[in-house]
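One structure is given below, encoded as structure tokens.
Just so you know, these numbers come straight off a predicted model, no measurement behind them. What's counted below: heavy atoms across the whole structure, side chains too, no hydrogens, waters or symmetry copies.
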Amino acid sequence: MVIAFTGDPFLAREALLEEARLLGLSRFTDPTPEALAEALAPGLFGGGGAMLDLREVSEGEWKALKPILEGVPEGVPVLLLDPRPSPSRAAFYRGRERRDFPTPKGKDLVRHLENRARRLGLRLPSGVAQYLAALEADLEALERELEKLALLPPPLTLEKVEMVVALKPPITGFDLVRAVLEKNPKEALARLKRLKEEGEEPLKLLGAFAWQFGLLSRAYFLLQENPRPKEADLARLGAHPYAAKKALEEARRLSEEALRQALTTLIEAERRAKEGKDPWLALEMAVLSLAVDQRVSPG
């Protein structure tokens, strides 16, 4: 009985170890033909079994293991940890049980973090979950941070989390906006270059950039109505609590003229991009224009 655990390394390994516990397997076997054959040999207390970690196994080593795995009796468990199987191993799994655990993304990742926090006895506020989900980290690193956060005295605020979490935040559209508002064209273009290298689509990024300034505008007018908005007022901004709070911080230093000018510049850039002009050039020109225009700056 061969079972392969694929997909996200953290989830696949966790699922394999849980299955191993149920089957009475306690340690990984070295991925060599000799060690595997020895682990599968019947012993005094049963018919053997094995756990193999194939993450660092070469094709040559796999070819040596494959004949033994093909002959595993149905009643003998062999659990394979293979998050990203090679084509030859994937072909081998087609006729056998394969349990795949995709890495959660977007809302699924937020839900995953909330569930994992709950297992640790930690109530994760929505803004904190959104912040953690946006970090550049794999699930195992995020799990370690959750364990750290579970040790903090309540309440768990976003500010407290930002001070404690030791993971690198991603370059986001809001970071680009901040570089523009700080009148730092070099930094703004550097952040734009990184987003381009990460495969972002220019039109999508233009839309996100315009959305960020739209959010700043909504935050600005909310502050005009109520200079000290409460938590319930943040919902009116149409953004997650984390983004809404950041927008309020920036909007306090902006003028209506600056926001109108920024939105006009971005609308013109989007028009140029959609008319067949080079979309990256249109975006770069808009970013550079906003970063040097003294009207689009904190008041």
Side-chain angles (χ1 to χ4, degrees), residues 5-21 27-28 51 53-56 79 81-84 99-179 187 190-191 194-195 197-200 205 208 211-212 215 231 234-235 237 239-250:
F5 293 78
T6 63
D8 183 87
F10 177 75
L11 297 179
R13 188 174 191 276
E14 189 174 63
L16 180 144
L17 292 176
E18 177 59 22
E19 185 70 20
R21 186 184 66 79
R27 64 183 181 87
F28 281 95
M51 299 157 53
D53 187 342
L54 302 181
R55 285 178 290 184
E56 303 297 329
L79 309 182
L81 178 58
D82 197 2
R84 297 178 179 85
R99 302 181 188 176
D100 192 59
F101 300 86
T103 302
K105 303 289 186 183
K107 291 182 179 179
D108 289 337
L109 177 55
V110 173
R111 195 175 302 113
H112 165 86
L113 291 170
E114 290 172 340
N115 291 336
R116 301 295 300 197
R118 201 171 294 118
R119 290 173 56 172
L120 295 169
L122 175 66
R123 181 186 174 279
L124 210 58
S126 176
V128 171
Q130 293 288 341
Y131 173 77
L132 293 174
L135 297 175
E136 294 182 344
D138 56 32
L139 294 188
E140 184 167 6
L142 289 170
E143 185 76 9
R144 301 291 82 81
E145 295 302 328
L146 286 176
E147 291 171 354
K148 188 192 304 180
L149 295 178
L151 301 176
L152 296 179
L156 188 64
T157 64
L158 184 58
E159 291 73 20
K160 192 182 294 185
V161 171
E162 288 178 304
M163 291 177 61
V164 170
V165 169
L167 295 175
K168 183 180 178 182
I171 293 294
T172 65
F174 208 89
D175 296 315
L176 188 56
V177 170
R178 186 176 294 108
E187 176 69 13
R191 290 182 180 276
R194 178 173 164 185
L195 288 167
E197 291 171 348
E198 291 177 354
E200 290 286 352
L205 194 54
W211 184 89
Q212 292 283 5
L215 174 60
E231 198 78 24
L234 297 182
L237 299 182
H240 292 299
Y242 174 68
K245 288 179 180 178
K246 290 295 184 183
L248 285 172
E249 290 175 12
E250 297 293 344

Tell me, yes or no, whether the heavy-atom count around R55 atom CZ, taken from other residues, nucleotides or ligands under 6.0 Å, exceeds 12. yes
Would you call E249-K245 a salt bridge at under 4.0 Å N-O? no
Salt bridge present between K105 and D108 (N-O < 4.0 angstrom): no
Which pair of non-hydrogen atoms, one from L109 and one from A133, has the smallest distance, and what is that distance? CD2-O, 3.5 Å
State whether the number of non-hydrogen atoms from other residues, nucleotides or ligands found under 6.0 Å of E56 atom CD is greater than 12. no
Might you point out which heavy atoms bring L120 and E147 nearest each other, and give the distance in Å? CD1-N, 3.8 Å
Please say whether more than 12 non-hydrogen atoms of neighbouring residues, nucleotides or ligands are located less than 6.0 Å from CZ in R116. yes
Ion pair check, E140 and R13, cut-off under 4.0 Å: no
Can you tell me how far the CZ atom of R99 sits from the CG atom of L11, to the nearest 0.5 Å? 14.0 Å
Side chain K160, main chain L149, donor-acceptor under 3.5 Å: no
F10 vs D138, test: side chain to side chain contact (heavy atoms under 4.5 Å, CB included). Steps then yes/no. CA-CA 8 Å; F10 177 75; D138 56 32; over 6 Å; no
Rounded at 0.5 Å granularity, tell me how far CG in L158 sits from CE in M163. 12.0 Å
Is L139 close to P104 at the side-chain level, that is, under 4.5 Å between some pair of heavy atoms? yes
For the pair K148 and V165, evaluate side chain to side chain contact (heavy atoms under 4.5 Å, CB included) and give the outcome as yes or no after the intermediate values. CA-CA 8 Å; K148 188 192 304 180; V165 169; 5.9 Å; no
Flag for D100-T6: side-chain donor and acceptor within less than 3.5 Å: yes
Pairing of R118 and E114 as salt bridge, 4.0 angstrom limit: no
With a 4.5 Å cut-off on side-chain heavy atoms, are V161 and E145 touching? no
Fit a plane to each ring of F101 and F5, take the angle between them on a 0 to 90° scale, and name the class: parallel (under 30°), tilted (30 to 60°) or perpendicular (over 60°). parallel
Nearest-0.5 Å distance, CZ of residue R21 to CD of residue E18: 4.0 Å
Given side chains that start at C-beta, do those of L124 and L132 come closer than 4.5 Å, heavy atoms only? yes
Going by heavy atoms in the side chains, are L248 and L237 under 4.5 Å from each other? yes
Hey, does L81 have a side-chain heavy atom less than 4.5 Å from the side chain of P83? yes
Side chain proximity check, P125 to L156, heavy atoms < 4.5 angstrom: yes
Close side-chain approach of L79 to F28, heavy-atom, < 4.5 Å: no
